[in-house]
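Here is the structure we will look at, set down as structure tokens.
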Amino acid sequence: MSHDAVPDPLDSALRTHTDYGSEALEESDAAADPLEQFLAWMTEAAERKVYEPNAMVLGTIDPDGAPSIRTVLLRGADARGFAFYTDYTSRKGRALLAHPTVSAVIPWYSLHRQVIIAGEARPVEQEDSDAYFSARPRGAQIAAWSSDQSQPIASRDALEQKVRDTEERFAEEETVPRPERWGGFRIVPHRIEFWQGRTSRLHDRLVYTRAEGGEWQRERIQP
Ligand SMILES: Cc1cc2nc3c(=O)[nH]c(=O)nc-3n(C[C@H](O)[C@H](O)[C@H](O)COP(=O)(O)O)c2cc1C
């Protein structure tokens with residue numbers, strides 16, 4: 001595509017230079033425990049009305065070694081790790097079951113912040129998947145049964161027909177059971193970076209790394 005083909009609004013967006021403002025992430029303010037720091041930032045992201053503050057871009061490794069990314073919603077963050085839910089037979093599901101190494105970014109652009117997590121993703125306990133699935137709206141439960149995520153389908157009509165078939169199948173059931181192929185993964189982190197944009201691109205980056213004994217060490221890296 002030639003330069004001339006770039007439409008005006010995009011052209012100005014590409015030329016914009018936002019100077020990230022007044023906020024900082026100093027060692028004296030950051031928690032010693034990265035989970036505590038993460039929850040503090042997540043709380044703030046929600047309070048400051050970030051759109052979908054729990055949206056997380058997840059990078060996995062396909063069986064052929066190629067990286068692959070997509071957005072998922074973070075549904076839990078505690079001492080066990082960072083949980084999200086999906087279809088185990090999807091592209092990401094298969095990738096993770098073969099190769100659990102992941103990297104993920106939670107971008108809070110409007111706050112000039114991002115958190116980058118590296119770790120190993122493991123399926124969550126079945127009871128956790130059951131509990132989360134049962135709390136979802138019925139439409140989403142029906143969709144989970146009706147969609148073989150990441151597989152091709154002939155048309156939108158064919159997909160909607162699968163939904164009707166599923167609705168019929170569970171018409172008499174008060175609750176929709178969790179499909180076995182649907183459930184959670186939990187990322188057990190070994191590295192978590194907190195990035196705070198600052199003026200003139202001199203950003204703050206605090207990286208927490210889990211040491212052999214399980215304790216977290218923290219260092220500042222250059223922007
Ligand atoms: C904001 C947002 C949130 C999403 N949340 C999820 C999620 O929690 N779980 C999920 O399986 N897909 C979610 N998706 C869809 C995925 O990005 C992706 O299309 C789907 O999981 C299939 O990915 P795969 O083919 O790489 O396995 C979300 C997409 C967006 C844009």
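Just so you know, ligand 1 is whichever comes first in the structure, and atom 1 is the first atom listed for that ligand.
Here Gln126 pairs with Arg178 under the side-chain hydrogen bond (donor to acceptor under 3.5 Å, both in side chains) rule; sequence neighbours left out.
Each of Tyr88, Trp145, Phe133 was compared with Trp182 under the ring pair (Phe, Tyr, Trp, His ring centres under 6.0 Å) criterion, and only Phe133 meets it.
Checked by atom type and distance alone, the side chain of Arg198 never pairs as donor or acceptor with a backbone atom of Ala24 at under 3.5 Å.
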Between ligand 1 and the protein, which N/O pairs are shorter than 3.5 Å?
| residue | atom | partner | partner atom | Å |
| --- | --- | --- | --- | --- |
| ligand 1 | 5 (N) | Leu73 | N | 3.4 |
| ligand 1 | 8 (O) | Leu73 | N | 3.0 |
| ligand 1 | 9 (N) | Tyr85 | O | 2.9 |
| ligand 1 | 11 (O) | Thr86 | OG1 | 2.6 |
| ligand 1 | 11 (O) | Gln149 | NE2 | 3.4 |
| ligand 1 | 14 (N) | Thr71 | O | 3.1 |
| ligand 1 | 17 (O) | Thr71 | N | 3.3 |
| ligand 1 | 17 (O) | Thr71 | O | 2.6 |
| ligand 1 | 21 (O) | Lys92 | NZ | 2.6 |
| ligand 1 | 21 (O) | Gln149 | NE2 | 3.1 |
| ligand 1 | 23 (O) | Lys92 | NZ | 3.3 |
| ligand 1 | 25 (O) | Ser150 | OG | 2.6 |
| ligand 1 | 26 (O) | Arg70 | NE | 2.7 |
| ligand 1 | 26 (O) | Arg70 | NH2 | 3.0 |
| ligand 1 | 27 (O) | Ser90 | OG | 3.3 |
| ligand 1 | 27 (O) | Arg91 | N | 3.3 |
| ligand 1 | 27 (O) | Lys92 | N | 2.9 |
| ligand 1 | 27 (O) | Lys92 | NZ | 2.9 |
| ligand 1 | 27 (O) | Ser150 | OG | 3.3 |

Item checked: Derivation of the side-chain contact (heavy atoms from CB on, under 4.5 Å) call for Phe185 and Val72 -> CA-CA 11 Å; Phe185 284 99; Val72 294; over 6 Å; no
Next item on the list: Evaluate the side-chain contact (heavy atoms from CB on, under 4.5 Å) criterion for residues Gln37 and Leu25: first the C-alpha distance (whole Å), next the side-chain angles of each, then the deciding distance (0.1 Å), finally the verdict.
Entry: CA-CA 11 Å; Gln37 181 59 34; Leu25 180 64; 3.8 Å; yes
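Arg80 places a side-chain heavy atom less than 4.5 Å from the side chain of Asp128.
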